[in-house]
Each structure stands twice: as structure tokens, then as C-alpha cells.
Amino acid sequence: MFYPVAFNHVFHPSDFTEGDQGAVSHALKIALEARARLDLLHVEPHGVDIRWSDFPSVRATLERWGWVPEGSHRRDILDLGIDVKKVVREGGDVATKILDYIESEEPDLVVLATHQRSGPAAWVQGAMAARIARASRTVSLITPRRAPGFVSEETGAIQLRRVLVPIDSAPSPARALEALAALTRVLGVDSVEVSLFHVGEAPSVPDLQLPEVSGWKVDHTCWKGEVVDHILDVAESRGSDLIVMAT
């Protein structure tokens with residue numbers, strides 16, 4: 001059974017580091033193409049004064065991508081059909097503040113960055129991103145700092161040609177597949193190679209009903225062995241631009 005997925009409200013918690021720009025670019029590009037609301041949240045646990053200029057510059061990015069002219073104004077951004085909101089929360093546990101915001105505002109998509117485990121960027125690291133993604137029960141896009149992703153920071157161009165979808169009987173991959181279908185529709189990606197990848201015995205491969213999306217070229221692969229290792233190996237060997245999976 002498939003459930004409708006829409007990206008009318010995109011949310012990204014920003015830590016103001018240089019490595020966060022990739023996640024910002026993905027959140028902005030999806031919001032831009034979906035004509036959606038984009039919320040940028042910063043949690044400052046140490047009581048440091050935050051200025052609006054500390055937030056990633058949406059206007060400068062859109063000027064660089066050619067969506068608005070140089071020297072643009074807020075009205076130019078609103079004319080694109082998106083509404084950008086910048087929010088600061090102070091004190092407390094960072095992950096809890098982020099989850100509280102998700103619960104109160106109910107975004108359709110959460111875009112998270114993962115960073116190194118030491119230094120100023122450690123507050124949104126792999127473990128915290130996974131905690132937020134699972135606890136929020138919201139469709140989440142996680143962009144590792146070391147990976148370029150499928151949206152160019154410089155031009156906003158999209159490269160989403162190959163997608164790896166690890167599948168199993170439980171949890172059902174239906175929601176993940178529908179989220180992928182919604183993402184490709186919003187971004188105007190009309191041709192993509194979708195690799196359904198199952199780790200385990202062939203008879204245990206779930207029987208799937210794929211979303212009705214033209215332009216998908218689908219193949220199935222079954223492997224035995226360690227799940228995580230095989231997923232990463234296959235993603236690298238196939239040059240996957242995105243891994244989509246249910247949790």
C-alpha cells in the first residue's frame with residue numbers, strides 16, 4: 001500500500017559550519033522546486049548571541065544559481081513561491097529542541113547533515129542525525145559531509161541518475177519508494193536507475209508493488225552476508241547518488 005508524500009514544508013537544522021552548506025543546498029533546492037515553506041533552525045546551547053546574518057544566505061545562493069538577480073530583495077524570493085523562515089532556539093539538549101520543533105511545526109521533509117565527531121560541528125553527527133530521523137517519524141534526507149549529494153552547491157544542478165533501495169519484508173519499503181517517487185516528481189527527474197537490493201536468501205525477497213512512475217529503470221539484486229557492508233559496497237560500486245530505505 002502506498003501513502004501520498006508531498007514536500008510542502010521542508011525543515012533543516014543548521015549548525016552554521018561550512019560543511020553544512022551541502023544540506024542547505026538540498027533543502028533549498030527541494031523547497032524551491034516544490035514551491036514550499038523552508039524552515040532553518042539553529043539551536044544555540046551555550047547562550048551565544050545569534051544574528052540573522054549568521055544563517056546560511058538563501059538569497060546569495062539563489063543569486064548564484066540564477067533564480068534571482070544580483071542585489072535581489074526578499075520580495076524576489078517570495079515571487080518564486082517559497083517562504084523562508086529562520087528560527088533560533090536557546091539552551092537545552094540540541095536533539096530534543098530539534099524534535100520539539102518538528103513535533104510542533106510538522107514538516108514533510110527533514111534535511112539533516114552529518115559531520116565529524118569532534119570540534120564545533122559535533123552537535124549534529126551521525127548518531128544524532130539517526131536519532132532525529134527515527135524519533136521524528138518524518139521523511140528524512142541525510143547528507144554526509146564527505147559526499148557531494150545530488151544537488152550542486154555551486155549551480156543548483158541535479159544529478160540523480162542512480163538510486164539504491166535496500167529492501168526487506170519488515171519494515172515495508174512502500175513508504176520509502178513513495179518518498180522517492182515524490183522526490184523525483186518534484187525535482188523533475190524523468191529518468192533514474194532504481195536498484196532494489198536485498199541482503200539474505202532469495203526466497204525472503206519481499207514481493208513489491210512499485211509506484212507508477214514513468215522513467216524508472218528497475219533491477220533486483222540479492223546478496224548474502226553483512227547488511228551494512230554490502231549496502232555500502234554496492235552503493236559505491238554502482239555510483240549511487242542516493243540511498244533510500246525504510247526504518
Side-chain angles (χ1 to χ4, degrees), residues 1-10 12 21-36 38 61-62 64-67 80-82 108-113 133 138-144 146-168 171-199 205-223 230-247:
M1 179 178 181
F2 290 106
Y3 305 89
V5 175
F7 300 131
N8 298 317
H9 183 185
V10 180
H12 170 59
Q21 186 57 47
V24 174
S25 296
H26 283 71
L28 177 58
K29 182 66 173 182
I30 295 170
L32 187 64
E33 297 292 353
R35 304 298 188 265
L38 172 60
T61 300
L62 292 176
R64 187 170 68 248
W65 290 357
W67 281 81
L80 295 175
I82 65 171
D108 303 305
L109 175 67
V110 177
V111 181
L112 301 162
T138 303
V139 176
S140 301
L141 173 64
I142 298 177
T143 62
R146 65 184 182 278
F150 56 84
V151 176
S152 168
E153 294 180 30
E154 290 303 315
T155 67
I158 298 169
Q159 178 174 293
L160 189 54
R161 299 171 300 176
R162 301 182 185 93
V163 179
L164 181 65
V165 185
I167 60 173
D168 205 345
S172 168
R175 179 72 170 175
L177 287 167
E178 184 55 43
L180 174 59
L183 181 66
T184 56
R185 284 195 297 266
V186 163
L187 296 180
V189 177
D190 53 13
S191 179
V192 62
E193 298 176 13
V194 179
S195 298
L196 303 178
F197 180 70
H198 175 74
V199 178
V205 177
D207 184 20
L208 293 179
Q209 177 186 356
L210 296 175
E212 296 182 3
V213 181
S214 61
W216 279 17
K217 182 180 179 181
V218 181
D219 67 81
H220 298 73
T221 306
C222 185
W223 287 70
H230 275 313
I231 290 174
L232 296 177
D233 288 345
V234 171
E236 183 175 359
S237 66
R238 297 194 176 192
S240 300
D241 303 303
L242 177 67
I243 299 175
V244 176
M245 59 192 301
T247 60

Undergrad: List the residues meeting ring-ring contact (aromatic ring centres under 6.0 Å, His included) with F150, not counting sequence neighbours, and say none if there are none.
TA: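 For F150 the ring-ring contact (aromatic ring centres under 6.0 Å, His included) partners, ignoring immediate neighbours, are H26.
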
Undergrad: Does the pair L160 and V151 meet the rule for a side chain to side chain contact (heavy atoms under 4.5 Å, CB included), with working shown?
TA: CA-CA 8 Å; L160 189 54; V151 176; over 6 Å; no

Undergrad: Check whether any side-chain N or O of D241 sits under 3.5 Å from a backbone N or O of R162 as a donor-acceptor pair, and report yes or no.
TA: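 Yes: the side chain of D241 pairs with the backbone of R162.
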
Undergrad: T155 side chain to A157 main-chain N or O, any donor-acceptor pair under 3.5 Å?
TA: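 Looks like yes, one N/O pair under 3.5 Å.
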
Undergrad: Please step through side chain to side chain contact (heavy atoms under 4.5 Å, CB included) for the pair V165 and L180, ending with a clear verdict.
TA: CA-CA 9 Å; V165 185; L180 174 59; 4.2 Å; yes

Undergrad: Is the backbone N or O of G156 less than 3.5 Å from a side-chain atom of K29, with the two atoms forming a donor-acceptor pair by type?
TA: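 A pair under 3.5 Å: yes.
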
Undergrad: Residues in side-chain hydrogen bond (donor to acceptor under 3.5 Å, both in side chains) with R185, at least two apart?
TA: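 By the side-chain hydrogen bond (donor to acceptor under 3.5 Å, both in side chains) rule, R185 matches E178.
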
Undergrad: State the CZ-CG distance between R161 and L242, to the nearest 0.5 angstrom.
TA: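 It is 13.0 Å, given to the nearest 0.5 Å.
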
Undergrad: Work out which heavy atom in D108 is nearest to a heavy atom in A6; give both atom names and the distance.
TA: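 Where D108 meets A6 most closely, the heavy atoms are CB-O, 3.0 Å.
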
Undergrad: Can any side-chain N or O of H12 pair as donor or acceptor with the backbone N or O of A27 at less than 3.5 Å?
TA: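 Absent.
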
Undergrad: How close do V213 and A181 get, counting heavy atoms only, and between which atoms?
TA: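 Minimum heavy-atom contact is CG2-CB, 3.6 Å.
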
Undergrad: Is there side-chain contact between L210 and V218, with heavy atoms separated by less than 4.5 Å?
TA: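 L210 vs V218: side chains touch.
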
Undergrad: So do the side chains of T184 and W216 get within less than 4.5 Å of each other, counting heavy atoms only?
TA: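 Of all side-chain heavy-atom pairs linking W216 with T184, at least one is under 4.5 Å.
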
Undergrad: Donor-acceptor pairs are to be reported for all side-chain atoms of residues 188-195 against protein atoms at under 3.5 Å, with residues two or more places apart or in another chain.
TA:
unit_1, atom_1, unit_2, atom_2, d
S195, OG, D219, OD2, 3.1
S195, OG, R238, NH1, 2.7

Undergrad: What is the minimum heavy-atom distance between I243 and A235, and which atoms define it?
TA: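 So the two residues come closest at CD1-CB, 3.8 Å.
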
Undergrad: Passes side chain to side chain contact (heavy atoms under 4.5 Å, CB included), L62 versus L28? Steps please.
TA: CA-CA 9 Å; L62 292 176; L28 177 58; 4.0 Å; yes

Undergrad: Between atom CD1 of I30 and atom CG of L38, what is the distance when rounded to the nearest 0.5 Å?
TA: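 Rounded to the nearest 0.5 Å, the CD1-CG separation comes to 10.0 Å.
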
Undergrad: Does I167 reach the side chain of M245, with side-chain heavy atoms less than 4.5 Å apart?
TA: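 I167 does not reach M245 side chain to side chain.
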
Undergrad: Which atom pair, heavy atoms only, marks the closest approach of I231 to L164?
TA: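 Minimum heavy-atom separation between I231 and L164: O-CD2, 3.5 Å.
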
Undergrad: Would a 4.5 Å heavy-atom cut-off, applied to side chains only, mark H230 and F197 as touching?
TA: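 Sidechains of F197 and H230: in contact.
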
Undergrad: Minimum heavy-atom separation for A246 and A176, please, with both atom names.
TA: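 In terms of heavy atoms, the two residues are closest at N-CB, 3.8 Å.
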
Undergrad: About how many Å separate OG of S25 and CZ of R64, when rounded to the nearest 0.5 Å?
TA: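 The CZ atom of R64 sits 6.5 Å away from the OG atom of S25.
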
Undergrad: Side chain of S140, backbone of T138: donor and acceptor closer than 3.5 Å?
TA: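 Side chain of S140 to backbone of T138, a donor-acceptor pair under 3.5 Å: yes, one is there.
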
Undergrad: Is there a donor-acceptor pair closer than 3.5 Å between any side-chain N or O of R35 and the backbone N or O of L32?
TA: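 It does hold such a pair.
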
Undergrad: Would you check if the side chain of H220 reaches a backbone N or O of L196 as a donor-acceptor pair within less than 3.5 Å?
TA: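 It does not hold such a pair.
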
Undergrad: Quick one: closest heavy-atom pair of W65 and E154, and the distance?
TA: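 So the two residues come closest at CD1-O, 3.4 Å.
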
Undergrad: Can you tell me how far the OG1 atom of T61 sits from the CD atom of E153, to the nearest 0.5 Å?
TA: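 Here the interatomic distance stands at 9.0 Å.
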
Undergrad: Any non-hydrogen side-chain atom of W67 less than 4.5 Å from a side-chain atom of L80?
TA: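 They are in contact (side-chain heavy atoms under 4.5 Å apart), so the answer is yes.
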
